[in-house]
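Just so we're on the same page: letters track the sequence lines, and every chain starts at 1.
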2 protein chains.
Amino acid sequence: MQDFLYLRENNIKEIIELMLEAYTNSYSDPYEVLKKNSFGKAHHRLICAVDINPGIKVADLIKKLKITKQSLSRVLQELIKKEIISQSKGDVDGRHRLLHLTEKGKKISEEIFNTQKKRILEAFKESDSDEVLSFKKVLKKIIAE
Amino acid sequence: MQDFLYLRENNIKEIIELMLEAYTNSYSDPYEVLKKNSFGKAHHRLICAVDINPGIKVADLIKKLKITKQSLSRVLQELIKKEIISQSKGDVDGRHRLLHLTEKGKKISEEIFNTQKKRILEAFKESDSDEVLSFKKVLKKIIAE
DNA sequence: TTTAATAGTCAGCTTTATTGACTTATATTA
DNA sequence: TAATATAAGTCAATAAAGCTGACTATTAAA
């Protein structure tokens with residue numbers, strides 16, 4: 001019977017710690033850009049999620065970020081006031097509030113993204129394209145419930 | 001000239017958001033176990049880092065978790081008091097404090113790990129072994145400075 | 001038209017992390 | 001050996017991020 005090395009407990013545990021470190025490193029890269037705009041980690045996570053999911057509704061954002069609506073609200077209202085994020089009423093369901101980055105928000109998100117992409121690009125340039133594809137594929141499967 | 005799809009900005013951006021979600025999901029899995037022991041996310045991160053890096057010194061832990069020593073201290077002293085983590089003086093350099101999980105700490109870490117590994121195992125079982133190897137390889141490269 | 005879902009809000013609290021200013025112990029180097 | 005640097009610990013004050021609970025307003029569905 002074959003022993004699947006990659007399914008061994010120690011490998012799984014190592015992967016879990018690698019994910020912690022990869023996230024921690026990647027999301028600390030834009031520290032200066034965020035500070036310049038008086039934003040914290042909570043703003044960063046929110047901007048990132050709205051950027052890649054334009055038109056996302058509040059309920060889905062809460063699920064994605066795994067925070068309460070009260071926690072989200074404080075940060076979201078700040079970003080709306082500063083005209084980084086805009087809201088619109090859902091056309092299918094009028095109770096929904098659909099969130100988008102404003103033009104100003106897109107610029108700041110790009111600035112944040114530029115500091116983060118360096119790290120990823122370096123890693124990808126040292127990898128084969130199929131390795132990168134596998135990376136993304138597995139990442140998506142980890143997210144799926 | 002070839003266009004490397006996987007190096008396109010939108011793909012990199014998507015990867016960055018996938019990492020956010022994968023980390024958020026993976027590290028919210030042990031919510032009940034942590035709550036039972038009156039531990040929070042900070043304790044979780046610390047236990048995980050010491051588990052996979054036995055004998056790590058305080059300075060390296062601070063670098064890995066990207067927090068200040070004052071932030072680390074509060075949580076670390078709690079875990080030392082509760083006999084989850086033990087300290088020993090470094091034999092090479094007597095100023096170092098080397099951190100280990102105690103037997104009690106190993107048990108709790110296993111309990112935490114068991115809730116996290118399910119998600120990873122499911123993802124890995126649906127993947128080929130070379131995809132998992134690529135995943136780990138790229139993850140490590142993202143961490144590297 | 002009653003009920004359910006979505007979003008927003010107010011208040012009070014806990015947890016996590018920060019800055020800045022120190023102390024103690026050990027190691028290095030001049 | 002004496003001066004300096006490094007690693008860790010500590011005290012105090014503050015900020016950032018998150019939570020629970022109790023509500024209101026709006027819109028959709030039964």
Query - Difference in axis direction between the ends of the helix from C/dT1-D/dA30 to C/dA30-D/dT1, five pairs, 10° - result: 30°
Query - Set of residues satisfying ring pair (Phe, Tyr, Trp, His ring centres under 6.0 Å) with respect to B/Phe113, sequence neighbours excluded - result: none
Query - Residues which pass ring pair (Phe, Tyr, Trp, His ring centres under 6.0 Å) with A/Phe39, listed by chain and number, not counting sequence neighbours - result: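 So A/Phe39 forms a ring pair (Phe, Tyr, Trp, His ring centres under 6.0 Å) with A/His43.
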Sub-4.0 Å heavy-atom contacts from [range] onto DNA chain C, ordered by number:
| range | answer |
| --- | --- |
| residues 25-37 of chain B | none |
| residues 68-101 of chain B | B/Thr68, B/Gln70, B/Ser71, B/Arg74, B/Lys89, B/Asp93, B/Gly94, B/Arg95 |
| residues 43-59 of chain A | A/Lys57, A/Val58, A/Ala59 |

Query raised in the report: Does B/Arg95 have any side-chain hydrogen bond (donor to acceptor under 3.5 Å, both in side chains) partners at least two apart in sequence or in another chain, and if so, which?
Result: B/Asp93
Report summary line: side-chain hydrogen bond (donor to acceptor under 3.5 Å, both in side chains) filter on B/Glu110, not counting sequence neighbours, yields A/Lys13
Per-pair distances, 0.1 Å, donor-acceptor, side chain in residues 55-68 of chain B, under 3.5 Å, sequence neighbours excluded:
{"from": "B/Lys57", "atom 1": "NZ", "to": "B/His96", "atom 2": "NE2", "distance (Å)": "3.3"}
{"from": "B/Lys64", "atom 1": "NZ", "to": "A/Glu21", "atom 2": "OE1", "distance (Å)": "3.1"}
{"from": "B/Lys64", "atom 1": "NZ", "to": "A/Glu21", "atom 2": "OE2", "distance (Å)": "3.4"}
{"from": "B/Thr68", "atom 1": "OG1", "to": "B/Ser71", "atom 2": "N", "distance (Å)": "3.3"}
{"from": "B/Thr68", "atom 1": "OG1", "to": "B/Ser71", "atom 2": "OG", "distance (Å)": "3.1"}

Report task. Only counting residues at least two apart or in another chain, list the ones meeting salt bridge (Lys or Arg N to Asp or Glu O under 4.0 Å) with A/Glu14. Result ->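 In terms of salt bridge (Lys or Arg N to Asp or Glu O under 4.0 Å), with neighbours along the sequence ignored, A/Glu14 is linked to B/Lys136, B/Lys140.
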Query raised in the report: Taking only residues at least two apart or on different chains, which pairs with a member in residues 44-66 of chain A satisfy ring pair (Phe, Tyr, Trp, His ring centres under 6.0 Å)?
Result: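 As it turns out, the ring pair (Phe, Tyr, Trp, His ring centres under 6.0 Å) pairs with a partner in residues 44-66 of chain A, which skip direct neighbours, are A/Tyr27-A/His44.
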**Report entry** Pairs touching residues 118-145 of chain A that satisfy ring pair (Phe, Tyr, Trp, His ring centres under 6.0 Å), sequence neighbours left out
**Finding:**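 Found A/Phe135-B/Phe135.
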